[in-house]
Amino acid sequence: MKTPPPTSFSLSAHGLTVETVFHNLPPAALYEHAIRYEKDASIAEKGALVAYSGAKTGRSPKDKRVVEHPNSKNDVWWGAVNIPLEKQTFDINRQRALDYLNTRDTLYCFDGFAGWDPKYRIKVRVICSRPYHALFMHTMLIRPSKEELASFGTPDFVIYNAGAFPANRLTAGMGSTTSVDLSIEDKELIILGTEYAGEMKKGVFTVANYLAPKRGVLSMHCSATADKQTSASSLLFGLSGTGKTTLSADPKRLLIGDDEHCWSDDGIFNIEGGCYAKAINLTPESEPDIFQALRFGAVLENVVLDEGHDVDYTDTSITQNTRGAYPIEFIRNAKIPCMAGHPTDVIFLTCDAFGVLPPVSALSPAHAMYHFISGYTAKVAGTEMGVTEPQATFSPCFGGPFLVWHPSKYAELLAEKMRKHKARVWLVNTGWGGGGYGTGKRISLKNTRAIIDAIHSGALTTAKTERDPVFGFDIVTEVPGVPAEMLKPRESWADKAAYDATAKKLAALFRKNFETYETGASAEVKAAAPLN
């Protein structure tokens, strides 16, 4: 097997002396390198590269650190999400990463863009020792043309992925042998002690979440679609299990992206050049677009192959967090470039296992900010050991682990853009009705799709509504194709007293969660809290 020669590309400016550097190799060459040099790498029957991330099969949020620097100190929302790190410790970890990378015979470098709008895009350089990581970022970043690569110049942000080498846990500020360190001023991310590729993806998103608001741009953890005729867009926010990915795969609309976007004065744009989908229990029937996209050029992470090299998507013996990464153009109805006009509708998805929230509600600007900051969904009883009833889960702005500013910063930007561009905001419950989990029924995908279709068609702008006495938003009481009796949650419960008690319980959970954010929220937003 003949190996492609390394490109004449030096990383000496980054403190690296390795002579053999492969720069922006095409997927076929990275496949060849992975098969030759990666442990256990293989090719699935349909052509995707199968690779393994080792001991860490998910992100390590407790090991994420941000350098506390005078220039950005007052911007950062310090706490459990952004744990402060001294500059000296960052420099020690940076040197540890460089020392490890300099022991490698071969390094891989990928230069790409984050952000489809040229006005706001970030030039990102990824330096790593594993071809799997290089192919992953080739997939997830926006791939430059030959002309753009030739004139790439100095990157705006550099990732040093030395994840196969541990952090020294005796170093000040380290909590374990894993460390993911961001320096805003140095424009660098250092990865030690984890080979999970998603750390690179979310590192780029974290940087975008810092830079975008400084320019009056709202960065968002959401999916986005566009109308095929007008290019007007729609945003779908939602935590895991709410249906964000499934509902954005809409054959009637164009896909802008599945996970990370920005809203500027010119419209919306995707930050990424690819998609990173959960692969557990994937079937061609459940997710046909994603299933067909996991072919040559895609990366399958931590999956199990059967004897015929087909992927067993039901096998979670390595992890439940099996993943597939693929270029966005692998989705047939993707809009390239991934940009669209201003959103007509912003949709917050929640899987309410308590069965309290209506299938669809219209939100005022204040309620929109409150529910955006709250980022609510619920875990279903029985999915985890010891969970015997629904458990509320809150993640600010539906992307708490990746925020840099206080959540109110993003909420204020959302409200400002919503008012300026007259976007409507909706809360859609994809969870239970007629009772909570165990007594009620899960709202069918058919009915949820009918609700989303009615939002996009504008049918709900003139629909009848009723004010919810506890949560204060407007319940939409008529949706074409959806049974009217299921739209009012209290009326759909047989036991009205049980509904009232459950609604009161959920309202209290909302208020308790919001205490964390009250100091940064306006009086108007605080007043949008559920009643006692």
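We use all heavy atoms of the structure for the numbers below, so side chains are in, but hydrogens, waters and symmetry mates are not.
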Subject >> Sidechain N-carboxylate O distance under 4.0 Å for Glu272, Lys201 >> reply: yes
Original post:
Who pairs with Lys73 by side chain to side chain donor-acceptor pair (under 3.5 Å), at least two apart in sequence or on another chain?
Top reply: Glu68
Subject >> Atom pair CG (Asn93) and CG (Asp91), whose distance is rounded to the nearest 0.5 Å >> reply: 9.5 Å
Original post:
Do the side chains of Arg125 and Cys109 get nearer than 4.5 Å, heavy atoms only?
Top reply: yes
**OP:** Go through the side-chain N and O atoms of Thr17 and Asn102 and say whether any donor and acceptor fall under 3.5 Å apart.
**Re:** yes
Original post:
Are any of the side-chain nitrogens in Lys409 or Asp75 under 4.0 Å away from the carboxylate oxygens of its partner?
Top reply: no
Subject >> Aromatic contact, Phe136 with Tyr276 (centres under 6.0 Å) >> reply: yes
Original post:
Does a sphere of radius 6.0 Å around CG in Asp105 hold more than 12 heavy atoms from other residues, nucleotides or ligands, not counting ones at 6.0 Å or beyond?
Top reply: no
**OP:** Mind checking ring pair (Phe, Tyr, Trp, His ring centres under 6.0 Å) for Phe394 and listing every partner two or more places apart, or none if nothing turns up?
**Re:** Tyr376, Phe510
Original post:
Phe291 versus Lys46: any side-chain heavy-atom pair under 4.5 Å?
Top reply: yes
**OP:** For the pair Tyr100 and Phe165, name the ring-plane relationship: parallel under 30°, tilted 30 to 60°, perpendicular over 60°.
**Re:** parallel
Original post:
Going by an N to O cut-off under 4.0 Å, is there a salt bridge joining Asp111 and Arg143?
Top reply: no
Original post:
Any side-chain heavy-atom pair from Met369 and Leu414 closer than 4.5 angstrom?
Top reply: no
Subject >> Residue pair Lys56, Thr178: steps toward the side chain to side chain contact (heavy atoms under 4.5 Å, CB included) verdict >> reply: CA-CA 9 Å; Lys56 294 293 181 79; Thr178 296; 2.7 Å; yes
**OP:** Would you please indicate if the ring centroids of Phe398 and Phe348 are separated by under 6.0 Å?
**Re:** yes
**OP:** Find the distance between NE2 (His342) and CE (Met418) and round it off to the nearest 0.5 Å.
**Re:** 15.0 Å
**OP:** For the residue pair Ile328 and Asp258, establish whether any side-chain heavy-atom pair is separated by less than 4.5 Å.
**Re:** no
Original post:
Do Arg295's NZ or CZ and the ring of Phe330 fall within the cation-pi criteria of under 6.0 Å and 45°?
Top reply: yes
Subject >> Thr89: side chain to side chain donor-acceptor pair (under 3.5 Å) partners, not counting sequence neighbours >> reply: none
Original post:
With ring centroids as reference points, do His33 and Tyr108 lie under 6.0 angstrom apart?
Top reply: yes
**OP:** Report yes or no: is the cationic atom of Arg94 (NZ for Lys, CZ for Arg) closer than 6.0 Å to the six-membered ring centre of Tyr160, at no more than 45° off its axis?
**Re:** yes
**OP:** State plainly whether the residues Asp156 and Lys187 are in salt-bridge range, i.e. N to O under 4.0 Å.
**Re:** no
Original post:
Does the side chain to side chain contact (heavy atoms under 4.5 Å, CB included) test come out yes or no for Leu282 and Ile290, once each step is laid out?
Top reply: CA-CA 8 Å; Leu282 184 69; Ile290 295 173; 4.1 Å; yes
**OP:** Could you tell me which residues satisfy side chain to side chain donor-acceptor pair (under 3.5 Å) with Glu86, sequence neighbours excluded, listed by chain and number?
**Re:** none
Original post:
Picking from Thr319, Asn321, Thr322, what satisfies side chain to side chain donor-acceptor pair (under 3.5 Å) with Thr57?
Top reply: Thr319
Original post:
For Phe402, what residues pass the ring pair (Phe, Tyr, Trp, His ring centres under 6.0 Å) criterion, not counting sequence neighbours?
Top reply: Phe205, His221
Original post:
So, Phe113 versus Phe152, ring centres under 6.0 angstrom or not?
Top reply: yes
Subject >> Side-chain touch Ile184/His69, heavy atoms, less than 4.5 angstrom >> reply: no
Subject >> Listed once per pair and sorted, the ring-ring contact (aromatic ring centres under 6.0 Å, His included) pairs that draw on residues 168-200, sequence neighbours left out >> reply: none
Subject >> Stepwise side chain to side chain donor-acceptor pair (under 3.5 Å) test for Ser286 and Thr283 >> reply: CA-CA 5 Å; Ser286 64; Thr283 67; 2.8 Å; yes
Original post:
Do Asp63 and Ser176 have side-chain atoms, one donor and one acceptor, less than 3.5 Å apart?
Top reply: yes
Original post:
Given side chains that start at C-beta, do those of Trp263 and Val217 come closer than 4.5 Å, heavy atoms only?
Top reply: no
Original post:
Checking side chain to side chain contact (heavy atoms under 4.5 Å, CB included) for the pair Trp116/Arg121: CA distance, chi angles, key distance, verdict?
Top reply: CA-CA 6 Å; Trp116 280 88; Arg121 73 185 183 188; over 6 Å; no
**OP:** Consider only side-chain N and O atoms of Ser53 and Glu301, and report whether a donor and an acceptor are under 3.5 Å apart.
**Re:** no
Original post:
Looking only at side chains, do Ser240 and Lys278 share a donor and an acceptor under 3.5 Å apart?
Top reply: yes
